[in-house]
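Just follow the structure's listing: the first ligand is 1, and inside any ligand the first atom is 1. Only heavy atoms go into these numbers, but all of them, side chains included; no hydrogens, no water, no symmetry mates. None of these values were measured; they are calculated from a predicted model.
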Amino acid sequence: MYFCTFVVRFKNDSKMSPVKKVGFYTLGCKLNFSETSTIARAFEQGGFVRAVRGERADIYVINSCSVTEHADKKCRNIVRRLIKENPGAVVVVTGCYAQLKPQELAAIEGVDLVVGNNDKGTIFERVAALGAKRGATVHTCEAGELTGFFAAFSTGDRTRSFLKVQDGCDYHCSYCTIPLARGASRNLPVADLVREAEAIAAKGQREIVLTGINVGDFGRTTGESFVDLLRALDAVGGIDRYRISSIEPNLLTDEVIAFTAGSDKFQPHFHVPLQSGCDRILALMRRRYNTARFAERIGAVRAQIPGVFFGIDVIVGFPGETDEDFEVTCRFLEEIRPAFLHVFPYSVRPNTPAAEMDGKVAPDVAAHRVQRLGELSSRLYRSFCAAQQGREAKVLWESTRRGGDMFGFTENYIKVRTPFDRERINTITRVRLGALDADGVAQATILSE
Ligand code: SF4
């Protein structure tokens, strides 16, 4: 597909120069990560070498996020730094920030291309077509026109791949700007995704994380269901493990739970966005459940999948969240006892209903709440791992080497370490779980290869 002879005319140089290296920066979610990896493969197929972090490149592609104001700012900082350090390089910004505020990015002197989410799959060709010019070219569309599906999966890590199975969201939670940046919920047909999973297996990767904006909503555009997808992927040879990156609690159906409980490949690990443990705030957020329903779904999973790991997202400092509302959230989390919390301070997003709501929470109050939940998360994780200590588990070993050790994850997502052995990379072994160290990593004793 992408095999043209690649020559770019540098913006400050009328000479045609052969381009060799391309550097990538990814902000935000695993969906962006899978998309960056796919954009990178297009460049590699076009004859480029991917620059490692810190190495000079001829072209930089920054895949941006806009989930918070902080994410926007981080993107601008990276873009400005790259332009300053590499004045001759071509700079391309894509992703959700590029989709939502293209002009803000185009106004940064030195940016060459701003590409919205619909056109991510054409970045290689657009860079190839760049002429010698100053100023940025913008390729974006209206939210209603975000209908394309850029098929993507990540490669590079030998053990795990992030496979994009779904894009967009129809939910319109009051704080969220993602439906404006990503469009309506849509997906590829199951058969196409099976072929992608087979391609991942052929690269030797043994674990796939199903990734999307609202993955449980899979099937909107093909009339299939999420369970249809799980069932078909389960039959793909060469893939030993699947994880579901995140699923809305109302879409964690009995059918999904029963299927994952009965599968050897779908791991006992769920990431579920709660956002608040206070029903009044959940209603203001326009979430599609209350705490009773959430707790009931967690209980339904636990009844069928013992030892299941729950990672839970929480937003603190939503407009109107009082100290008492926050305490209600803390008590709810203590009751349902997830293994881990992903905590985010609320960030005002333009063009969302929450941006107009009264009762803004002071940043220092929100920061204190983040800290409280961070401490709770550490406690919950240690308690979850303590309950698993002494048990047997299976670990898929990764290539990272640190201090003479290698690392991997159990089925239920406990990070473990053992002395490094190159032969063990990308293998699955049975281990006995030991205690957590100061870094929150469990010592693993190998039982069998
Ligand atoms: S479910 Fe809500 S929070 Fe998640 S992407 Fe959709 S609108 Fe945003």
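Between Glu196 and Lys164 there is no salt bridge, since no side-chain N of the basic residue sits under 4.0 Å from a carboxylate O of the acidic one. Between Asp323 and Arg369 a salt bridge is recorded (basic side-chain N to carboxylate O distance below 4.0 Å).
Between the side chains of His271 and Asp313, a donor-acceptor pair is found at a separation under 3.5 Å. Side-chain contact of Thr222 with Glu224: a donor-acceptor pair under 3.5 Å is present, judged by distance alone.
For Tyr175 and Tyr346, the ring centers are positioned 6.0 Å apart or more.
Of all the heavy atoms of Pro179, the ones lying under 4.0 Å from any atom of ligand 1 belong exclusively to the side chain. Residue contacts with ligand 1 for Glu248 involve side-chain atoms from C-beta outward but no N, CA, C or O (heavy atoms, distance under 4.0 Å).
The nearest heavy-atom contact from the protein to atom 5 (S) of ligand 1 is Ile213 CG2, 3.5 Å. In terms of protein heavy-atom proximity, atom 3 (S) of ligand 1 is nearest to Tyr175 OH, 3.3 Å. Atom 7 (S) of ligand 1 has its closest protein heavy atom at Cys173 N, 3.3 Å.
The closest approach between Arg182 and ligand 1 stays at or above 4.0 Å for every heavy atom of the residue.
Shown in contact with Arg287 at under 4.0 Å from a heavy atom are these atoms of ligand 1, numbered in order with element: 1 (S), 2 (Fe), 3 (S). Annotation for ligand 1: atoms under 4.0 Å from non-hydrogen atoms of Cys176 are 3 (S), 5 (S), 7 (S), 8 (Fe). Ligand-side atoms of ligand 1 in range of Tyr171: 1 (S), 6 (Fe), range being under 4.0 angstrom from any heavy atom.
In this structure, His269 and Tyr413 have parallel ring planes: the angle between them is below the 30° cut-off, well short of the 60° mark.
In the displayed structure, Asn351 atom CG is contacted under 6.0 Å by at most 12 heavy atoms of other residues, nucleotides or ligands.
Because the distance cut-off is set at 2.8 Å, Cys169 fails to qualify as a neighbour of atom 8 (Fe) of ligand 1, as none of its N, O or S atoms comes that close.
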